[in-house]
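Comments concern the structure below.
Labels below follow one simple rule: chain letters A, B, ... track the order of the sequence lines, proteins then strands, and each chain is numbered from 1.
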Amino acid sequence: MSQLPTTTIIGLEVHVQLKTATKLFCGCSTKFGSPPNTQVCPVCLGLPGALPVINEHAIELAIRAGLAINCDIPPLTKWDRKQYFYPDLPKGYQISQFDLPICADGCLEIVDPADADATRRIGITRAHLEEDAGKSMHDEAAGRADSRIDLNRCGTPLLEIVSEPDLRTAEEALAYLTKLKEIMTHLGVSDCEMQEGSLRVDANVNLHIDKHGQRIATPIVEVKNMNSFRNVVAALHFEVDRQYAEWEETGHTIETHGKRTFGWDDVKGVTYPQREKEESADYRYFPCPDLLPIRIPSERVEEIRGSLGETPEETRERLQSQYGIKAYDADVIVSQGRAMVEYFDAVAMASGEGKRASSWIQQDVMRTLKEQGGDIESFGVTAEQLAQLLSKVSSGELTNDRARDVFKHLSENGGDVDQAIKALGIEAVDDSEMETLVKELLTANPKVVDDVKNGNQKAVGSLIGQARGKNPNANPQKVREIALRLIEQA
Amino acid sequence: MLDSALEVLRLQAAGEASAVEIAERALDAIEASQSTHNAYTHVDRESAVAAAKSVDAKRAAGQPLGALAGVPIAVKDVLCTSDMPTTCSSEMLRGFRPPYDATVVGKLRAADAVIVGKTNMDEFAMGASTETSAFGITKNPWDTSRTPGGSSGGAAAAVAAGTVPLSLGTDTGGSIRQPAAFCGVTGLKPTYGRVSRYGLVAFASSLDQIGPMAWSADECALLMNVIAGFEPRDSTSLDQAVPDFTLATESNDLRGVRIGVLRESAQAEGIDESIRNAVKHAIGVFAELGAEIVDVDLPHREYWVPTYYVIAPSEASSNLSRYDGAHYGHRAGAEAKDLVSMYCRSRAEGFGAEVKRRIMIGTYALSEGYADEYYNKALKVRRLIRGDYDAAFSQVDLMLGPVTPTPAFPLGDKIDDPIQMYLCDLFTVGANLAGVPAISLPGGFDPSGLPIGIQLQAPTLEESRLLFAASAFQSATDYHTQRPNQ
Ligand SMILES: [Zn+2]
């Protein structure tokens, strides 16, 4: 039996956690991974009498994000309460934005996964600010129903970006998400760390089936709370098949069955319907009386627009042309976000060594960051220090290996380059001392002398290792030069 | 009789009484009156005496003292106190001790006031008689068969019973002014935003305001000086300069002041003859003091109560959803078999009838399909009401009228008739909907000796004008100097 022609209709709601130091309505830290309920105060706990106060930085980040996805920033935005009962929602309502979101009517252009030369324009309905809820942890082992609640995340600022149902395949959805993540990271709006929950996706999906020229729409399914792109793709593929099969079996359409809420089971690789109760919510939105509406003057929007800087694409192209690095390398650096680009720019400019800077950053810097678990803004080796280090390598003052030792020392102990060099006992070896050392080695290695005389200059290589064994500061280049000169003179 | 903060300050300055002696006197008076009036939900002798001791120590050491040094004060149990329970007179919050002080409470402490206890109120400030309290009813010190009014009934009775010279109430639809009228004291509802709401357990956030209660306008001014002012933790707090309110009570000359009288208020149906006479009499007093009396109209007045009874319950239904048994406060016992039934049982057990009624009204008014018909329409009418006030205050400096349709009614009289109870707010809710300041001051007695209040309203931020006019009135009358027979 062949399948009828079918179009998949996908719209995404992406929750991006804004990169603010403090929460949306109080001064508590947004740091991830602290012990439960250690980053809370009366405001984010929703204690009686506590009142919210807006974090201006969140407003600025939301505007930055909105402008980058081509949204309008209306002059007036306000706060609404969305009411529902849930144990990790301490106030019994979430402060969100209902009818006047901070960003409206945007779009994002993505490369068409089906045709690399074409682009697709995906509409963005709106992006609004809201506070995150806490986290419930259920321990139902041995028949107990033991639930614990961690409210550290309560009040963390989220930007919910809602797309038009313009996506047609799971691959397009992936391209859209990838692009969105890149922009948010690049602008410093969000870390988009999915494993930390700072980017979460709800997908709305249904099918338009063409039966003898008549279009039949299947019920819309909203798959909630996916926290990896892989899951989104898998869930969408699963839903497309499931919805077609369900329609064949039951004939349910959007007219008869409207919209339903599903979850995604990552282990089984299936979507599953959530309880009926969770679907028929009446959120009873109304303006939050504790917060005044926010007026955003157009001058402020323009000021932020002016500070947006280049797009990730522009940055990628510039890095390639300005420093002669490969597209792949530019991509790796840009994908780390704007702060990394700035770091790279600073190192490359100051050292005049674009390619060397690129390889050091991709290998040494990124690996060390991963080990130490910090971000580039607070990294122990500043761009100036790394540039200084690379300059010393290119001038021959330091070997690559010794430079790595210096780098490691700096990243662990701080201090400046010269101090590190001193601490590691690295000293320039003077020429006469070096000549004495090489002479000794030549005497001890007559075969090398013979080989070179017979035209095999590479044979000198074995002396370099021995030289560095005797004096770790011996410069390989120098050892080679001196050895060849002495052999020629002999 | 502890009835004047100014006298308390004088006694200490003159060395005639220490703060501890004064605190003991207040605490003894509370002990003596509590079984009769039940004005308090919590009294802490030890901590009050300790606070008074530290005032005496400061004085002895010659350290600078706050504006209310050693003055005993009672605080409505809707304001958070870190050292005393904050219950809102609800089973839901019985024993709840917030980890922080409300801003006004912090300001009282900074002013060296001695907080003697928390006063009884209608549950979550919903009511006009203090009969919905889970801690028992409060009785009117003028006549213990009658209600002290509500919801700040305890705060008004605490002053009227002579236990403290000052108290703090809150006013969402008249909850300071109506009990002040019933108890023969002076109560001021400031401009919305004039006093920080941080730490005030919300009933209807866009209407709630904290204000002073005392025998006279002069004493209210003293307390206003301490509690008023911008606070960044309350986004609706007004970033406006705070005048010295006590200066407003120094002159009695009302020449050039235009006082508007609400045309139909004196004729309104259901209004007691004695109230009508008191308003008429007050008009005469103000005219004698030099004020110019003119008629004014607030055309949408008939919509005040219905608008209020959509907006206030809507906000309340949302504000009270945090009491779900999950995080603090009352939680249903083990019989709850799942999450939803735990919520339902906790709320069923924790809330009283009036609170449940308003949560239901509010939930309905905000729900899908009805929000436009009720909540959104009420917001539109509220804008019209504010427009009425703007128009009226473009013609007059103050408005004069009754506070309540009747003097204090008998206990139990209206508790089973919510509509009758809601009509107690007939003359007071306008000021809350418009956000303007208003004051209730003693204006006479009915034939049976019950006090009667009259109300003055002023434009936004003109509390000084209210206090000035009220003080002038009190210089020409002696109603505020009368005391109930104890
Ligand atoms: Zn907090």
Looking at [X], I'd like to know if its [atom1] atom is crowded, meaning that more than 12 non-hydrogen atoms belonging to other residues, nucleotides or ligands lie closer than 6.0 Å.
X	atom1	value
Tyr370(B)	OH	no
Lys377(B)	NZ	no
Lys356(B)	NZ	yes

Counting heavy-atom pairs closer than 4.5 Å to chain B, which one of Leu292(A), Leu45(A), Leu47(A) comes out on top?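 Looking at each of Leu292(A), Leu45(A), Leu47(A) in turn, Leu47(A) comes out on top.
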Between chain B and each of Pro42(A), Gly92(A), Pro52(A), Pro87(A), count heavy-atom pairs under 4.5 Å; write down the option with the most. Pro87(A)
Considering residues at least two apart in sequence or located in another chain, which fulfil the salt bridge (Lys or Arg N to Asp or Glu O under 4.0 Å) criterion with Asp83(B)?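 Partners of Asp83(B) by the salt bridge (Lys or Arg N to Asp or Glu O under 4.0 Å) criterion, ordered by chain and then number, come out as Arg109(B).
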I'd like to check the salt bridge (Lys or Arg N to Asp or Glu O under 4.0 Å) partners of Asp150(A); sequence neighbours left out, ordered by chain and number. none
Residues in residues 315-329 of chain B near chain A [non-hydrogen atoms, under 4.5 Å]: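 Within residues 315-329 of chain B, the residues under 4.5 Å from chain A are Glu315(B), Ser318(B), Asn319(B), Ser321(B), Arg322(B), Tyr323(B), Asp324(B), His327(B), Tyr328(B).
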Pairs of heavy atoms under 4.5 Å with chain A: top-ranked of Cys80(B), Ser206(B), Gly199(B), Pro99(B):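 If we count pairs closer than 4.5 Å to chain A, Gly199(B) comes out on top.
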What orientation do Phe286(A) and Tyr375(B) show, parallel under 30°, tilted 30 to 60°, or perpendicular over 60°?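 The rings of Phe286(A) and Tyr375(B) stand perpendicular, inter-plane angle above 60°.
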Indicate the atoms forming the closest heavy-atom contact of Asp290(A) with Ser235(B), along with that distance. O-CB, 3.5 Å
Nearest heavy atoms of Pro289(A) and Thr236(B), plus distance in Å: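 The pair with the smallest heavy-atom distance is O-CG2, 3.6 Å.
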Indicate yes or no for a side-chain donor-acceptor contact from Asp282(A) to the backbone of Glu368(B) under 3.5 Å, with no hydrogens or angles considered. yes
Answer yes or no: is there a donor N or O on one side and an acceptor on the other, between the side chain of Tyr100(B) and the main chain of Cys41(A), under 3.5 Å?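 Not a single qualifying donor-acceptor pair exists.
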Can you find a pair of side-chain heavy atoms, one from Phe124(B) and one from Pro48(A), that are under 4.5 Å apart?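 Phe124(B) vs Pro48(A): side chains apart.
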Give, as side chain, backbone, both or neither, the part of Thr363(B) having an atom under 4.5 angstrom from any heavy atom of chain A.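 Both parts, backbone and side chain.
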Interface moiety of Tyr364(B) toward chain A, non-hydrogen atoms closer than 4.5 Å: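 Neither part; nothing is under 4.5 Å.
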With a strict 4.5 Å heavy-atom criterion, list every residue of residues 23-39 of chain A that contacts chain B, or say none.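 Within residues 23-39 of chain A, no residue comes under 4.5 Å from chain B.
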